[in-house]
Amino acid sequence: MKPFTEEVIKIISNIPPGKVMTYGQIAKLAGSPRGARQVVRVLHSMSKAYQLPWHRVINAKGEISIQDDTLARMQIEALEDEGVHVDSSNRVNLIKYRYEPENEVDDVNII
DNA sequence: CACATGACGAGGG
DNA sequence: ACCCTCGCCATGT
């Protein structure tokens, strides 16, 4: 498994219920600041193989970004079940629900 | 190696 | 706030 892919999987797995992260946010933490679209690739290939909470990943505007209607509805339902409100424009309040991990590094050595 | 793909993002009109 | 265009880059073929 490529390091980037591995990091993305790890990060998404760590998003707590009731919170969301954006593609760009995840890409940056995974070491590719402009690699939002690579996160998409990982989701396409891995969300079934692994049991990732893929529904907690949305775009930078706070919208449900998925194109497929059936999948989009599944995502909205999953979020609502966790208490994340999705409005009539398929958007969530990022100010309220965005997850910002304190540290993604396992060993933090602060001098 | 060249080229296409993609559930994106920033910026301008 | 909406719409469009362009840049992005790890992977797959």
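Below, chain A is the first sequence line, B the second, and so on; all start at residue 1. These figures come from a predicted structure and were not determined experimentally.
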Can you measure [X] atom [atom1] to [N] atom [atom2] for me and round it to whole angstrom units?
X        : N       : atom1 : atom2 : value
Ile26(A) : dC8(C)  : CD1   : P     : 21 Å
Met74(A) : dA7(B)  : CE    : C1'   : 13 Å
Ile9(A)  : dA10(C) : CD1   : C1'   : 13 Å
Lys28(A) : dA10(B) : NZ    : P     : 10 Å
Ile15(A) : dA7(B)  : CD1   : P     : 18 Å
Asn59(A) : dC8(C)  : CG    : P     : 20 Å
Leu43(A) : dA7(B)  : CG    : C1'   : 7 Å
His44(A) : dC8(B)  : NE2   : C1'   : 11 Å

Looking only at side-chain atoms of [X], point me to the closest of [options].
X        : options                  : value
Arg34(A) : dC9(C), dG9(B), dG6(B)   : dC9(C)
Ala60(A) : dG9(B), dA7(B), dC9(C)   : dG9(B)
Gln67(A) : dG12(C), dC2(C), dA7(B)  : dA7(B)
Gln38(A) : dA7(B), dT11(C), dA10(C) : dA10(C)

Requested in this report: Examine distances only and state if a side-chain atom of Gln67(A) and a backbone atom of Ser65(A) form a donor-acceptor pair shorter than 3.5 Å.
Outcome: yes
Requested in this report: Kindly compute the distance separating OG (Ser32(A)) from CZ (Arg37(A)), expressed to the nearest 0.5 Å.
Outcome: 12.5 Å
Query - Chi angles and distances behind the side chain to side chain donor-acceptor pair (under 3.5 Å) call for Gln25(A), Arg98(A) - result: CA-CA 10 Å; Gln25(A) 227 186 322; Arg98(A) 185 199 292 273; 3.1 Å; yes
Report task. Determine the Euclidean distance between corresponding C1' atoms of dA7(B) and dT13(C); express it in Å to zero decimal places. Result -> 22 Å
Under 4.0 Å, counting only non-hydrogen atoms across every strand here, what does [X] touch: a base, just sugar-phosphate, or nothing?
X        : value
Lys61(A) : nothing
Gly35(A) : nothing
Arg37(A) : base

Query raised in the report: Closer than 4.0 Å, any side-chain N/O of Arg91(A) to the OP1 or OP2 of dC2(C)?
Result: yes
Query raised in the report: Side-chain N or O of Thr22(A) less than 4.0 angstrom from OP1 or OP2 on dC8(B)?
Result: no
Report summary line: Judged by nearest nucleotide, the residue sitting upstream toward the 5' end of DNA chain B, Gly24(A) or Arg41(A), is Arg41(A)
Report task. Specify the closest pair of heavy atoms between Thr22(A) and Asn59(A), including all atoms of both residues, with the distance to one decimal. Result -> CG2-O, 3.6 Å
Report task. Apply salt bridge (charged side-chain N to carboxylate O under 4.0 Å, His left out) to the pair Glu82(A) and Lys19(A), showing each step before the final yes or no. Result -> CA-CA 8 Å; Glu82(A) 297 181 349; Lys19(A) 288 290 181 180; over 6 Å; no
